[in-house]
> 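Before anything else, here's the structure in question.
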Amino acid sequence: MAEKNAEVMEKIVSLCKRRGFIYQGSEIYGGLAGVYDFGPHGVELLNNIKKSWWKANVYDKENYYGLDTGMFRHSRVWEASGHTSGFSDPLAECRECNTRIRVDKELEKAGVTADEKMSEAEINTLFDAHRDAISCPKCGKKDFTPVRAFNLLVKSNLGDFTGEGTEPVYLPGEACQGIYLNFKNVVDSMSPKIPFGMAQIGKAFRNEISPRNFLFRTREFEQADTQYFVRPNENKDAYERIKQERWDWYLSLGIKEEKLRFKQHENLVFYAKDAWDIEYEFPSGFDEIEGIHDRSDYDLTQHMEFSGVDLRYTDPNTGEKYIPWILETSMGLGRVFLAVLANAYHEDEMDGETRVVLKLAKHLAPYRAAVSPLLKNKPELVEKAREVFRMLKKEFGNIAWDDNGNIGKRYRRQDEIGTPACIVIDFDTLGEENPEHKDTVTVRDRDTGTQERVHISELASYLMRA
Ligand code: GAP
């Protein structure tokens, strides 16, 4: 089973490169671990996921405000948030081959749970007690250095022209801090009534010790976050509603419900009221794609204390001042992208051949349709096909032109990209053989392979409906 799953993952990784979804970062220089680039089809799928998320979290709401905040933030931000002191993973190094391991993950593989709040001394004790069970993943030896807490923040030298900067500016360890920093700005400029939310998609950077599983754990990634501000102690109902909304959003992407599950955190940080993850069953097993956190007033209290700026909300009716509590949703776009791909990946038989097909939801597919002339060396077919292509491109934007190879090859290629419909302009379209078919085209459905003749004048509305 594990082998089969690894094989599926390999097939997805290879399809991603072959079909222009994902490339290894800096590949021509040998690659950069934990960094990936989105290719022409990947960026379309990614943007469609983002559009769907933005619609669900901003446009479909009446009281959510969108933001796009700067990536560089004052170094005190990360002190206030606790990232400079507590945002670390336990690291040990193999004395034989210098491979670095993330100790909590290796302990987990050996069936030992390491609590993420453990101190360096505590995790060393736990590691020492189970050293026999842990081998270096590269050389197999069991000789490791002591564990040290390795901070995941990535430093920059922004504004430090002498190299002596004592207060480094970090790249964001998480996107959501930009929302907290602008809480007062949004309240002052938009006068929102509590409860209200803010949403943003932003980059995050973490010096992950062992990036793994393709897009699952990377060093550069994007997060889509919402923060919902409520009156103190008015968190519970809103939290349950948000959990349900997030679950429903994944179903709206076409993700099979049996591939999703909720998992409650067992060990909460001291300020948290509750925390759940939504997990997806990747080929490697169930793992987190989104965290939903009931965080009390911690974030705004910390920033109020560190900045000295009053971040309390004033009730417009009573004048009462208080620090709102926050309900956070934080989703990794790379992980959702991978879940969507794994969910859509199918191999089946069609026209007597095995084919690979991405059964992507239509609103996520990189192209809504592909347009082809039956033969590319017949100018009258090409001209008509170009006309149809231009018309649909004006309407939808994401329409592919495909005249490479024979029709069968084009279908296979578009199936692999997940294009829901292939439109072919043939001699019937020109009215040469069956005058009653003049100005009709064939539309082939990706999932069933069935073909329908549709009049060109109906094509756009057909694609919108289908
Ligand atoms: N502001 C809360 C926060 O950042 P998190 O659990 O550290 O919480 C939220 O991250 C989400 O970001 C995760 O559920 C995951 O989808 C994604 N994520 C975290 N680390 C990641 C990594 N190294 N690579 C890819 N995605 C990651």
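Both ligands and their constituent atoms are indexed starting at 1 by order of listing.
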> Run the salt bridge (charged side-chain N to carboxylate O under 4.0 Å, His left out) check on Glu416 and Arg18 step by step: do they pass?
CA-CA 10 Å; Glu416 281 199 340; Arg18 192 171 70 248; 2.9 Å; yes
> Check each atom of ligand 1 against the heavy atoms of Cys176 and keep those under 4.0 Å away; list them by number with element.
1 (N)
> Tell me which protein heavy atom sits closest to atom 20 (N) of ligand 1, plus the residue, atom name and distance to 0.1 Å.
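In this structure, atom 20 (N) of ligand 1 has Arg206 NH1, 3.3 Å as its nearest protein heavy atom.
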> Parallel, tilted or perpendicular: which one describes the rings of Tyr313 and Phe196, with boundaries at 30° and 60°?
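Because their plane-to-plane angle lies in the 30° to 60° range, the rings of Tyr313 and Phe196 count as tilted.
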> Go through Ile292 and Arg246 one step at a time and tell me if the side-chain contact (heavy atoms from CB on, under 4.5 Å) criterion holds.
CA-CA 9 Å; Ile292 304 172; Arg246 296 306 305 135; 4.0 Å; yes
> To check your reading of the model: name the closest protein heavy atom to atom 13 (C) of ligand 1, its residue, and the distance in Å.
Glu288 OE2, 3.3 Å
> Is it true that Asp447 and Lys359 have a side-chain N and a carboxylate O under 4.0 angstrom from each other?
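Answer for the salt bridge query: no.
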> Tell me which protein heavy atom sits closest to atom 25 (C) of ligand 1, plus the residue, atom name and distance to 0.1 Å.
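Among all protein heavy atoms, the one nearest atom 25 (C) of ligand 1 is Phe216 O, 3.1 Å.
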> Looking at Tyr59, Phe229, Tyr228, which hits ring-ring contact (aromatic ring centres under 6.0 Å, His included) with Tyr64?
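Only one option passes, and that is Tyr228.
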> Short list, please: which atoms of ligand 1 are under 4.0 Å from a heavy atom of Thr218?
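Heavy-atom distances to Thr218 below 4.0 Å select 22 (C), 23 (N), 24 (N), 25 (C).
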> Among all protein heavy atoms, pick out the one at the shortest distance from atom 21 (C) of ligand 1; state its residue, atom name and that distance to 0.1 Å.
Phe221 CZ, 3.4 Å
> Between Gln177 and His303, do the side chains contain an N or O donor and an N or O acceptor separated by less than 3.5 Å?
yes
> So which heavy atom in the protein is nearest atom 1 (N) of ligand 1, and how far is it from that ligand atom?
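Here the closest protein heavy atom is Glu174 OE1, 2.7 Å.
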> Within less than 4.0 angstrom of ligand 1, does Gly291 place any heavy atom?
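Per 4.0 Å heavy-atom rule, Gly291 contacts ligand 1.
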> Name the closest protein heavy atom to atom 12 (O) of ligand 1, giving the residue it belongs to and the distance to 0.1 Å.
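The answer is Gln223 NE2, 3.1 Å.
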> Within ligand 1, which atoms have a heavy atom of Glu290 less than 4.0 Å away?
14 (O)
> Rounded to the nearest 0.5 Å, how far does NZ of Lys263 lie from CD of Glu266?
7.0 Å
